[in-house]
Amino acid sequence: MPVPHLGEMLPKKSMDNTDKYLIEVADLKTHFAVRKGMLRRVAGWVKAVDGVSFRIGRGKTLGLVGESGCGKTTVGRTILRLISATAGQVTFDGSDVFRLPGSAMRRMRRDMQLVFQDPYGSLNPRMTVDNIVGEALTVHEGVRGRKRRDRVVSLLEKVGLAAHHAGRYPHEFSGGQRQRIGIARALALGPKFIVCDEPVSALDVSIQSQIINLLQDLQDELGLTYLFIAHDLAVVEHISDHVAVMYLGRIVEYTDRDELYANPLHPYTRALMSAIPRPEPQRRHERIVLHGEVPSPSNPPSGCPFHPRCPIAQERCSREVQHLEQKGQGKEHLVACWKATGGQGAHCADAHDVV
């Protein structure tokens, strides 16, 4: 029996208007071959992404969160066809991304851009800011000379930099300024969709809020759609409309932002929530400690991938895979857990370590 993807589980009334969603991902899988021996034969597969489905509305933000190594970045790069997918479908603005020929994909890349995690390594140190931001204008639109310079200056000013910064090199800027340059580069061709791959994780806390505010202002002004990848749930709360929680290549919980933070149901989500720093350190709060290491995606556990670390795992969890099911009451709240229950304040933790 085929596994239903997220689009099939959401209410039918939200599927009638196809123009509502800019991007739809259905059962996306990205597996990497493990080769051994002199003949480099395939000895196994790393299942980095193993059946991910979601949709993002036009002008909205989906926060994709999880621990390092869960497959978040691979999802974003596979959507952009920077990494080849093993299976699944990505529909962008009505077009099947994986079926587009080279020329059509080149045109579509104008509408799909990426902001990298590392503001230091993502900028060519031998190029000036004018060339970094303006390169796409020359390659895709043939814009050169004074016209390109004016476009670059306009983009720099839009992200909070000045015209005189165009002649400088990346090493002359701080981390926050470099990330603004990266955002300006992503905006150069007027995209509709941007994958933000942990764009603030390498920045100081004081600078993170500035970049988040900038991304929100640009979204309001330009009508941008974001896939915002992060491991910090506190950051995701401020920018996302919906949140998908990933673990070992799969989505284990999906709902809108307010519902997730008010009523997390999956034990993994609750553990991540408990790790968020509180503004009142003297006040004791519940801390769920997960024991053990994240399993290898090349040798995932049977059944629920989270069961070796889950504080409430049952024998059934090691045998059967629980797919996303509607658990919330009155809202689209999908959870992949046998013991998750709906209702305000409900959860699925019967026993866990508290510190």
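Counting from 1, the numbers follow the sequence of the chain as shown.
- Side-chain contact of Gln314 with His307: a donor-acceptor pair under 3.5 Å is absent, judged by distance alone.
- A donor-acceptor pair is defined here as one N or O able to donate and one able to accept, closer than 3.5 Å; such a pair exists between the side chain of Arg81 and the backbone of Leu100.
- Remark: Gln89 CD to Asp27 CG distance equals 10.5 Å, nearest 0.5 Å.
- A distance of 11.0 Å separates CD1 of Ile56 from OH of Tyr21, quoted to the nearest 0.5 Å.
- You'll find the side chain of Val75 stays beyond 4.5 Å of the side chain of Ile229, heavy atoms only.
- Contact of the Lys192 side chain with the Thr225 side chain is not registered, since no non-hydrogen atoms from C-beta on lie closer than 4.5 Å.
- Put simply, the side chain of Thr255 gets close to the backbone of Glu332: a donor and an acceptor are under 3.5 Å apart.
- Side-chain atoms of Gln208 come within 3.5 Å of backbone N or O of Val200 as a donor-acceptor pair.
- Between Arg58 and Asp93 a salt bridge is recorded (basic side-chain N to carboxylate O distance below 4.0 Å).
- Here the CD-OG distance, from Glu320 to Ser302, works out to 10.5 Å after rounding to the nearest 0.5 Å.
- Inter-residue side-chain proximity for Ile83 and Phe32 is flagged as met; some heavy-atom pair is nearer than 4.5 Å.
- Contact of the Gln179 side chain with the Val115 side chain is registered, since non-hydrogen atoms from C-beta on lie closer than 4.5 Å.
- Tyr268 places no side-chain N or O within 3.5 Å of a backbone atom of Val245 that could act as its donor or acceptor partner.
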Given ring-ring contact (aromatic ring centres under 6.0 Å, His included), test Phe54 with His242 step by step and report yes or no. CA-CA 10 Å; Phe54 57 79; His242 285 76; over 10 Å; no
List the steps, then state whether side-chain hydrogen bond (donor to acceptor under 3.5 Å, both in side chains) holds for Asp50 with His31. CA-CA 8 Å; Asp50 197 25; His31 300 170; 3.3 Å; yes
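- Within the 4.5 Å cutoff, no side-chain heavy atoms of Val97 are placed close to those of Thr91.
- Side-chain heavy atoms closer than 4.5 Å link hydrophobic residues (I, L, V, M, F, W, Y) into clusters, and following such links, even through other members, never connects Ile251 to Val321.
- Under the side-chain contact (heavy atoms from CB on, under 4.5 Å) rule, Tyr254 has a single partner from Val335, Leu260, Leu334, Leu64, which is Leu334.
- A salt bridge links Arg309 to Glu67: one of the charged nitrogens lies within less than 4.0 Å of a carboxylate oxygen.
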Thr78 and Thr30: side-chain hydrogen bond (donor to acceptor under 3.5 Å, both in side chains), yes or no, with the steps? CA-CA 7 Å; Thr78 303; Thr30 306; 3.1 Å; yes
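- Using a cutoff of 4.0 Å between basic side-chain nitrogens and carboxylate oxygens, Arg151 and Glu141 are scored as salt-bridged.
- Distance CG/Leu62 to CG/Asp256: 11.5 Å, rounded to 0.5 Å.
- A salt bridge is defined here as a Lys NZ or Arg NE, NH1 or NH2 lying under 4.0 Å from an Asp or Glu carboxylate O, and Asp130 with Arg148 meets this definition.
- Proximity of Ile239 to Cys196: side-chain heavy atoms (C-beta onward) are nowhere separated by under 4.5 Å.
- In this structure, CG in Leu203 is found 11.5 Å from CD in Gln177, a value given to the nearest 0.5 Å.
- The aromatic rings of His171 and Tyr169 lie parallel to each other, with less than 30° between the two planes, well short of the 60° mark.
- Expressed to the nearest 0.5 Å, how far OG of Ser174 lies from OH of Tyr120 amounts to 7.0 Å.
- You'll find the side chain of Lys327 stays beyond 4.5 Å of the side chain of Cys337, heavy atoms only.
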Kindly indicate, with the supporting measurements, whether the criterion ring-ring contact (aromatic ring centres under 6.0 Å, His included) is fulfilled by Tyr247 and His266. CA-CA 11 Å; Tyr247 184 81; His266 197 281; 7.9 Å; no
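- Inter-residue side-chain proximity for Met246 and Cys70 is flagged as met; some heavy-atom pair is nearer than 4.5 Å.
- Closest of all the heavy-atom pairs between Leu82 and Arg109 is CD2-NH1, 4.0 Å.
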